[in-house]
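Single-structure report; data block below.
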2 protein chains.
Amino acid sequence: MVDVAREAGVALRTVSRVVNQDSTVGPELVQRVRAAIADLGYRPDERARHLRLGVTGTLGAAVRQLSHVNPVLRAVERAARAADLMVLAASTEDDENLERHVVESMCRRRFDGIVLEPIGDDHGYLVPELAAGLSLVAVDRPVLGLDVDCVLSDNRSGIEKAYRHLVRHGHDRIAYIGDDERIYTARERAMAFRGCVAAHGGPLDTMLHTGQVESGRIREAVRAALSGAAPATAIVTGNAQLSVEVLRHLGADAVDVALIGFDDSELATLLRPDLTVVAQDTDAIGSTAIDMLRARIADPATEVRTVTVPVELITRGSGEIPPAT
Amino acid sequence: MVDVAREAGVALRTVSRVVNQDSTVGPELVQRVRAAIADLGYRPDERARHLRLGVTGTLGAAVRQLSHVNPVLRAVERAARAADLMVLAASTEDDENLERHVVESMCRRRFDGIVLEPIGDDHGYLVPELAAGLSLVAVDRPVLGLDVDCVLSDNRSGIEKAYRHLVRHGHDRIAYIGDDERIYTARERAMAFRGCVAAHGGPLDTMLHTGQVESGRIREAVRAALSGAAPATAIVTGNAQLSVEVLRHLGADAVDVALIGFDDSELATLLRPDLTVVAQDTDAIGSTAIDMLRARIADPATEVRTVTVPVELITRGSGEIPPAT
DNA sequence: ACCTTTCGAGATAACGTTATCCCATCATGG
DNA sequence: CCATGATGGGATAACGTTATCTCGAAAGGT
């Protein structure tokens, strides 16, 4: 920058003014400075700029897997771009230690705010960061034990919609195959399912299967649900990956067993019958997250909120299969 | 930091030494400084650190869509983590202007290097950055007109493998349905297909269909390929998304028409018959990209290279369907 | 007892920006 | 013709780090 100033025969401050489009610089000086910048290949250094300014105009997104389908992240990027903020994202790989590493890195880099898909139950490392003024919003899952802004889907209502839909289509014995209940969303959905069964009066033991998403376990769960004296005539799955696994193991039975999946996905309309799903409003989740984050950045004293976004049942065929007689 | 020094009763430099685990500080001073850091909630500022150090220990990844399946990005993150580098990623949304914006932002932030999935044909904006010492590696597609490190899949060989495989299974009339040839990979694959047809001696007009991935166009292409006096008995698709679309429109015909898709995907083993694919070695692409980037960062004078990574034909059933008689 | 070595720690100067303050220069009004 | 703004531009001090240089003190050898 000092070289540019010398080359253009102006003061340092003037170069800064030209770079920042300050209107108080005469046109011919602007020209001279521009020329010098091009000549010398000067490229401004945001590190220094941000250091001086205090803010970085950057949001961090710490998500489970960058390389997976994540419509919420897409909505986050869109909304941030609309607010002239840059989003830089990194994967936490469902690893608590990696989450901590990623988030702390973002804090040390003084990102203006962080969108986090939290993992696990212990987020104690966040306490000093929050005390020091970190703006953070959790999406998809809450940060347990900490008073933090949060955007969640209405998991309970989603399961209830699916259950009621199947009951309405004549099903009586409905199974649920879900993810590991150590995961918040899996826990919420399984609890909601238990509530449905309790309200409806059926047995639970052969109808609820949760645990790691592992092909062998899913096969076993599908087998257990569909066998015995009173086999299930319908299945609800706990997430998109589980829908795929369950379909894989249903095989030819897929035309006889009703199925409703949690989460919409592109293959929902590829299969026969098309997949009925509980779809999350990912656009609303993402843009709400950015709204809340921006509000907190603007005023750190903003009251902490948890927003629950409604889900929608999309009927496509698989959920409308009648019970086998 | 100066507050910490005052609180601990030491000099600024000593605090820095403690933070950076310098061994030349006495144990009791380390304790005092640690206590002061915790007391005052001091959090180091990487912006200043990076400014002073010159390097940021950060790589940027500018990819088409963060929220899409992208096994290469996963491999990039893994390999970078192994090298103790942080990867921060952003989407370019297949938009040339957005790509430029993202890459220039990363440059101004002085990322140590950038992994780029280039879009379009004009990357002139990179020239001054490269001249100023930007380390960059392109993946999946080359940066046309610029001498830049590059990791590509062997698209030509992939198409040839698929074509030969189908010929070996008795097919004579093989159709190709591909993406818009303005996209480099689509162009390469279509060209390779033309070469195959030329070598094999068949007609081309009803067998080659490229253009935007749009449901109506794909339906029309499938119809055109399978109708007429000499209908195709086998189809090769140009990418994973096209495989899905083609399958959608094949419907019940999927058991009669041989199909080989470019790119592996999780739904390849979900369908009946399972999908035979040309699989890219995404792990190799990602780790090679990081290797090349690190080499260039370490020595900017390193010779520019283009690495072509082999592809593999994975037979699963759909590609082994014999021609209808 | 004195000199040398080693080790720990402090003062100071960068890194590349921007903001504050201040001073020219010029046109305008009394 | 001089005072008064207004306007454009320059010197200087931060922002929060780390590296260099220097110095003091303690330990060990002759």
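Atom set for the values below is all heavy atoms of this structure, side chains included, hydrogens, waters and symmetry mates excluded. We name chains A, B, ... by the order of the sequence lines, and we start the count at 1 in each one.
Electrostatic pairing of A:E93 and B:R74 does not count as a salt bridge here, judged by no charged N lying under 4.0 Å from a carboxylate O. Residues A:D149 and A:R296 are paired through a salt bridge, judged by an N-O separation under 4.0 Å between the basic side chain and the carboxylate. Residues A:D291 and A:R294 are not paired through a salt bridge, judged by the lack of any N-O separation under 4.0 Å between the basic side chain and the carboxylate.
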| message | Within the 4.0 Å limit for protein heavy atoms, which parts of nucleotides 16-27 of chain D are touched? Write it as a string from 5' to 3', B for base, S for sugar-phosphate only, - for none. | response | BBBBB-------
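Relative to the axis of its first five pairs, the axis of the last five pairs of the helix from C:dA1-D:dT30 to C:dG30-D:dC1 sits at 50°, rounded to 10 degrees.
Under 4.0 angstrom from either OP1 or OP2 of C:dG8 there lies no side-chain N or O belonging to B:T14.
Of the candidates A:L293, A:L59, A:T58, A:D112 forms a side chain to side chain contact (heavy atoms under 4.5 Å, CB included) with just one, namely A:L59.
Here B:D39 pairs with B:E7 under the side chain to side chain contact (heavy atoms under 4.5 Å, CB included) rule; sequence neighbours left out. Considering only residues two or more places apart in sequence or on other chains, B:R52 meets the salt bridge (Lys or Arg N to Asp or Glu O under 4.0 Å) condition with none of them. Evaluation of the side chain to side chain contact (heavy atoms under 4.5 Å, CB included) rule for A:D94 yields A:R64, A:I119, A:R141 as partners, not counting sequence neighbours.
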Without placing hydrogens or testing angles, list every side-chain donor-acceptor pair under 3.5 Å for residues 125-138 of chain A, not counting sequence neighbours.
| unit_1 | atom_1 | unit_2 | atom_2 | d |
| --- | --- | --- | --- | --- |
| A:Y125 | OH | A:E99 | OE2 | 2.6 |
| A:E129 | OE1 | B:R43 | NH1 | 2.4 |

